[in-house]
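Since the structure comes first, as structure tokens, the remarks are kept for the end.
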Amino acid sequence: MKKDDEPPFSYLVKVGHISVNPVEVTLSANDKERAGLAELWSVLEVNALAATFTVQRWKRDGVRLKGRVTADIVQACVVTLDPVEAHIDEPVETVFVPEGSKLARMPIATETGEMLLDPNGPDAPEIFTGDTIDAGAVAAEYAALAIEPYPRKPDIAFSGHIESSDKEDKKPSPFAVLKDWKKD
């Protein structure tokens, strides 16, 4: 992994140290990590990012992360480009299984080749390699998915700006030049 590929916010959890009893993990991003996240997410600022997870064994060799991630960010308004503050508070629940685990296999297709998936059911487990999972990357991912893609300041709306009329937008007929043509 190159230095550029490293996530700006990372907190590695050793899978071998996780017991049957749940362990609570609290994460918080420092100034350098928040600056890296702001660049990654294309926002003006990340003022805070914190997560609290309960980490525990899942089935025989899997790991479950469950908790909340919160963040305070500043984005540019899509109408005025003024700063818009936003608060993110998202629940997190994800399961990790080791590479090659039977629990990570996709559901088997029916005779017609269709795969039956429940859209409201749990997500498929994430796969990890080695003996660590990155709880910081999970927190950053859930926060990023909650960012408003088109932030607007309150009470700001697009105005009804029209550059041309429907008549002007209508394409001329390619035969219009022939209407004035006279036969000699």
Side-chain angles (χ1 to χ4, degrees), residues 1-18 22-58 62-99 104 117 119-163:
M1 181 181 269
K2 293 184 274 184
K3 184 170 174 54
D4 295 342
D5 294 340
E6 292 178 15
F9 184 56
S10 181
Y11 184 87
L12 299 178
V13 176
K14 290 244 183 228
V15 174
H17 295 174
I18 300 171
V23 175
E24 190 166 296
V25 176
T26 303
L27 318 172
S28 182
N30 64 29
D31 292 340
K32 182 180 176 185
E33 293 165 334
R34 289 193 314 266
L37 288 169
E39 184 179 338
L40 178 67
W41 296 342
S42 299
V43 298
L44 301 176
E45 292 178 57
V46 175
N47 294 328
L49 175 68
T52 304
F53 295 130
T54 301
V55 183
Q56 68 186 71
R57 281 270 175 217
W58 183 75
V63 177
R64 170 180 274 147
L65 254 75
K66 188 174 182 178
R68 291 200 92 64
V69 62
T70 59
D72 291 315
I73 62 171
V74 179
Q75 298 175 271
C77 174
V78 294
V79 179
T80 64
L81 298 180
D82 291 336
V84 177
E85 293 183 4
H87 178 73
I88 295 170
D89 187 358
E90 286 292 309
V92 175
E93 184 168 357
T94 188
V95 173
F96 291 88
V97 294
E99 191 174 39
L117 299 173
N120 297 323
D123 292 338
E126 298 283 333
I127 297 171
F128 69 91
T129 55
D131 66 340
T132 58
I133 58 173
D134 193 346
V138 171
E141 178 183 346
Y142 274 80
L145 290 171
I147 293 174
E148 172 64 44
Y150 303 105
R152 275 197 312 214
K153 289 184 83 167
D155 302 326
I156 297 290
F158 290 108
S159 61
H161 177 71
I162 298 175
E163 293 184 13

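Position 1 is the first residue of the sequence, and the numbers go up from there.
Heavy-atom minimum distance, Val84 versus Cys77: CG2-CB, 3.6 Å. Across Ala76 and Pro151, no two heavy atoms sit closer than the pair O-CG, 3.3 Å. Residues Glu85 and Val74 come closest through the heavy atom pair CG-CG2, 4.0 Å. The two residues Ala51 and Ala139 come nearest to each other via the heavy atoms CB-CB, 3.8 Å. In plain terms, the two heavy atoms of Val15 and Arg57 that are nearest each other are O-NH2, 3.1 Å. The heavy-atom pair separating Ala140 from Trp41 by the smallest distance is O-CZ2, 3.3 Å.
To the nearest 0.5 Å, atom OH of residue Tyr142 and atom CZ of residue Phe53 are 8.5 Å apart. The CG atom of Leu37 sits 6.0 Å away from the CG atom of Leu49 when rounded to the nearest 0.5 Å. Atom-to-atom distance recorded for Leu27:CG and Thr52:OG1 is 7.5 Å, nearest 0.5 angstrom. A distance of 13.0 Å separates CD of Glu24 from NZ of Lys66, quoted to the nearest 0.5 Å. Between the CD atom in Gln56 and the OG1 atom in Thr54 there is a gap of 7.0 Å [rounded to 0.5 Å]. Expressed to the nearest 0.5 Å, how far NE2 of His87 lies from CG of Asn47 amounts to 12.0 Å.
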side-chain contact (heavy atoms from CB on, under 4.5 Å) for Val138 and Phe96? Distances and angles first, verdict last.
CA-CA 11 Å; Val138 171; Phe96 291 88; 3.4 Å; yes
Report the C-alpha separation of Ile133 and Leu65 in whole Å, then their side-chain angles, then the decisive distance to 0.1 Å, and conclude whether the side-chain contact (heavy atoms from CB on, under 4.5 Å) test is met.
CA-CA 10 Å; Ile133 58 173; Leu65 254 75; 3.4 Å; yes
Check the pair Glu148, Ile88 against side-chain contact (heavy atoms from CB on, under 4.5 Å), reporting the backbone distance first and the verdict last.
CA-CA 9 Å; Glu148 172 64 44; Ile88 295 170; over 6 Å; no
Given side-chain contact (heavy atoms from CB on, under 4.5 Å), test Asp89 with Arg68 step by step and report yes or no.
CA-CA 7 Å; Asp89 187 358; Arg68 291 200 92 64; 2.8 Å; yes
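Residue Val46 forms a side-chain contact (heavy atoms from CB on, under 4.5 Å) with just one option from Glu33, Arg34, Glu39, and that option is Arg34.
For the salt bridge (charged side-chain N to carboxylate O under 4.0 Å, His left out) condition, the pairs that include at least one residue of residues 131-140, sequence neighbours left out, are Lys14-Asp131.
Within a 6.0 Å sphere centred on CZ of Phe128, other residues, nucleotides and ligands contribute more than 12 heavy atoms. More than 12 heavy-atom neighbours from other residues, nucleotides or ligands sit within 6.0 angstrom of CD on Glu93.
Counting only heavy atoms from C-beta outward, the side chains of Val55 and Val63 approach each other to under 4.5 Å.
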